[in-house]
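Some notes on the structure that comes next.
In what follows, every heavy atom counts, from backbone to side chain, and hydrogens, waters and symmetry copies are set aside. Reminder, nothing fancy here: chain letters follow the sequence lines and each chain counts from 1.
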Amino acid sequence: MTAYVIRRFLQMIVIMLIVSIVAFIVIQLPPGDFVDAYVTTISGGETFTQETIDALRAQFGLDEPFLIQYVKWISNVLRGNYGVSFQHQRTVADLLGERLPLTLAITLPTAVLVYLIAIPIGIYSALNQYSLLDYLFSFVGFIGLAIPNFLFAIILLYIGSQYFDANVAGLFSPEYELAPWSFGKFLDLLSNLWIPVIVVGTAGTAGTIRVMRGMMLDEMRQPYVETARAKGLSEARLIFKYPVRVAISPVLSTIGFVLPALISGTAIVAIVLNLPTTGPLLLNALLAQDMLLAGSMILFLSLLTVIGTFVSDLLLIWADPRIQFE
Amino acid sequence: MPKDQVANPPSEESPLEVVSPQRLMWWKFRRHKPAVFSGILLLLAYVGSVFAGFFAPYDPLSRGRNLYMPPNPPRIIDSEGKLRAPFVYGMTMSRDLNTLRPIYTVNTDEIYPLHFLVRGDEYKIGLHGVPLNALRPLHIRLDVRLFGAAGAPVNFFGTDQLGRDLYSRLIYGAQISLSIGLASVFLSLALGLILGGISGLYGGWVDSLIQRVIEAIIAIPSIPLWMGLAAAIPRDWDPVQQYFAILIVLSLISWTSTARVARGRFLAVREQDFVMAARLYGCSQWRIITRHLIPSIMSYVIVNITLAVPRIILAETALSFLGIGLNPPTISWGVLLQAAQDNLVVHFYPWMWIGPALCVIVAVLAFNFVGDGARDAADPFAS
C-alpha cells in the first residue's frame, strides 16, 4: 500500500516536471520575447532606450540559453514567484488567486454530478438493454457527445433570450458582480452555477454512461452472476453486491481523462458565457502574448488535473484493493 | 457446427469458401445500419467538398446585394398548394425603423424556377485557399454549376453580413473542416504508431520515458494547451501556412491515445507464437514489424482513426471559433461559427451560426457511428 502510493507520488512529480517543460515551451513559442511584447504594448508613445531594453532582458534572463532560462523560471515558480502580467500590471499569483477558485467551483461539482448521474443511468440501461429508456439515454448520450461544449452554451444563450427572456451568461447577478464575498454572494453563485455545470458536464456524462453500460453488460454475462442467481439471492442484492462493484472500478479510473476534459470544457465555455474563471483570462493573455501569465495558467490547470487524478487513484485502491498489486 | 456438416465434401453448388478476416469484418460492418448510413453520408460529404464549385451556386467570397437575409429554401409546392418544378420565392426587404435592421418577407407573387447545370461564376476544382501542388493539374477552370435561378439570388441557407451565400460557404467550409480532421489524424497516427511501437518493442527506460511524456500530455487540459500552441502561429501567415500549422498543432497533442493503443497491442502481439515462428525462421526485425506486427494491429488502427477524426474536427472548430485557429479569408465551419461571437448575430440572425453548428454536429455524429460500427466489426468476440 505505502509502496504503491509512494510510487504513484513519484510518477506524479515526474509528470509535473514534463508538464512544466511543455508550459515553458508554450511561453517561449511566440516570435519575439516577453520584453518585445512589453515594449510594444506598454510604451505607448514613450521610447525605450536600448540600454533599458537590455537591462530588462538581463533581469528576466532572456539573453541566456533555453535550459538556463527554464531553470531560472522553474526555481522562481517553485518559490511561488510566477512573475508579473504586463497586460494587467499585476502579479500572476494575484490573478490566479482570483480566478482559479471559481474554475474549481465549476469543475468539482460537475465532476461529482457526472458520476452521480452517469453511474445509475449506466446500470439502468445495462439491466434494461434495448428498452425505451435505454434507447432514449443512448440517443441523448450520442447528441451530448456530438455537440461541442461551446456550441451548447451558444444554444442555451439563444434559447434563454428567445423563449424565456433570461440572460444565462455570467456567474453572478449584477448586484453581486463587484461586491465583496458574503453569504448572499455565495448563494447567488450557487443559483447561477447550474448552467455552466450542465453545459460542461453533458459530454462527460454521456461518455461515462456508455462506459458504465458496457462494463455492466460484460459483467452480467459472467458465470458468477448465474451462480448467485441459482443460489437464490434476490436480484437487487445480487446486482449491487457483485457486478456493480466490479464494473464501477474502471469507470472511476476514467477520472484521469474526465477531469482534464472538464477543465478544458470550462475554459472554452467560460469564454462564451463570459464567466470570471481562468478561460477568458487565458485567451486574452494568449492574444496579447502575455506569456508568463498564460504559461503559469496552463501549468496550474494541469496541476489541478494531476492532483485530481492522484486523489482518484487513492480512492480506487480503497474501492478495489487488487490495483496496488498490478 | 455438427460434425457431419464439416465432414461433407463441398458440393458443386456450394463450394466451401475461404473468407478472409477483412471480408468477415466487412460483412459484420454492413449489418450495423446506422454505421453504413453514416459512412455513405460522409463519403458524399467528402465528394461534395472536393467538387464544391459544382455543388455551390456561388463563389464563397462573392458578395450579394441582400445582407443578413434569412434562409430561402427551395420549394415544390406553391402558396396555392399546387405541385410544380423546384423554385424559390423572391424576397422583399424593408427596414425596422427603430433598429434599422433589415426585415425580409417572402413574396409569393415572385416565383423563380430553379435551373440545373447552369453557367455561373468560374471556379476551380481543388481545395479552396489551399492550392496543393499535387492537385495543380486538376485546376481546370469550369463554370457549370449544379443549379441557379435566372433573375434572382438563390440563398437556401440565407446570407451573412456581407451578403455572401451561406449555403456555398458551408460547402467550401467542409473542404477545410473535413480534410483537416483526416489529415491530422493520419499525422498523429504516424507519430503514435512510431512512438507507441518503439515503446512497446524496446521496453526499458525508453518505454518509461515515452509513457511519462504521454501521461503528462494527457494531464494537460487539451483546449488550453491547443490554445497556447495555436496562439504562437503568426497571424500574418498566409492561409496555406496557417492550415498546415494548425494541422501540426492538432496532431502534436492527439497522437497520445494512438500511441497507448499501439504500445498495448505490440506488447500483446510480440509474445505470440507466430512472431516467435517468424523470428526462428530468420526474419529481420524490420520484416517482423512491417509484415507481422503492423498488419495484426491494423483493425485497431482503423477503429482509432474513425473515433479520432471527430475529436479533431471539434478541436479545429473550437480554436477557429476563438479566433486563434484558422481565420478569414480561409473558410471552415469553425471560422463560420466566429459569427456567433457577436451577441446580435446569436439573437437576430441565428441562421448564420445554426448552419455551421448543424454541419459540425452531423459530421461528428456520423464519424462516431462509423467508429462504433468499425469497433464492433473488428472485435471477433462481439456478437
Among [options], residue most engaged with chain B (heavy-atom pairs, under 4.5 Å):
{"options": "A:Ile155, A:Leu283, A:Ile143, A:Val22", "result": "A:Leu283"}
{"options": "A:Ile268, A:Asn149, A:Leu262, A:Val14", "result": "A:Ile268"}
{"options": "A:Leu286, A:Val26, A:Ile25", "result": "A:Leu286"}

Nearest non-hydrogen partners of B:Val364 and A:Ala146, listed with the distance: CG1-CA, 3.7 Å
Distance-minimising heavy-atom pair for A:Thr305 and B:Pro221: CG2-CG, 4.0 Å
With only heavy atoms counted, which part of [X] is less than 4.5 Å from chain A, the side chain, the backbone, both or neither?
{"X": "B:Ile218", "result": "both"}
{"X": "B:Trp226", "result": "neither"}
{"X": "B:Pro224", "result": "both"}
{"X": "B:Thr317", "result": "both"}

How long is the span from the [atom1] atom in [X] to the [atom2] atom in [Y], to the nearest 0.5 Å?
{"X": "A:Ile298", "Y": "B:Ile223", "atom1": "CD1", "atom2": "CD1", "result": "12.0 Å"}
{"X": "B:Asp372", "Y": "A:Arg210", "atom1": "CG", "atom2": "CZ", "result": "4.5 Å"}
{"X": "B:Arg212", "Y": "A:Ile18", "atom1": "CZ", "atom2": "CD1", "result": "8.0 Å"}

Using side-chain heavy atoms (C-beta onward) and a distance below 4.5 Å, is [X] in contact with [Y]?
{"X": "B:Gln211", "Y": "A:Ile15", "answer": "no"}
{"X": "A:Val19", "Y": "B:Glu215", "answer": "no"}
{"X": "B:Leu337", "Y": "A:Phe150", "answer": "yes"}
{"X": "B:Ile220", "Y": "A:Leu301", "answer": "no"}

Under 4.5 Å from a heavy atom of chain B, the part of A:Ala294 involved: neither
Derivation and outcome, side-chain contact (heavy atoms from CB on, under 4.5 Å), residues B:Gln341 and A:Ile154: CA-CA 9 Å; B:Gln341 292 257 3; A:Ile154 295 173; over 6 Å; no
Partner of B:Phe321 by side-chain contact (heavy atoms from CB on, under 4.5 Å), out of A:Ile271, A:Leu151, A:Val272: A:Val272
A:Tyr158 and B:His347 aromatic ring geometry - parallel, tilted or perpendicular at 30°/60° bounds: parallel
Leading residue by heavy atom contact count with chain A [cutoff under 4.5 Å; candidates B:Val213, B:Leu365, B:Ile217]: B:Leu365
Backbone N/O of B:Ser222 and side chain of A:Ser264: donor-acceptor pair under 3.5 Å: yes
Over 12 non-hydrogen atoms of neighbours within 6.0 angstrom of CZ in A:Phe9: no
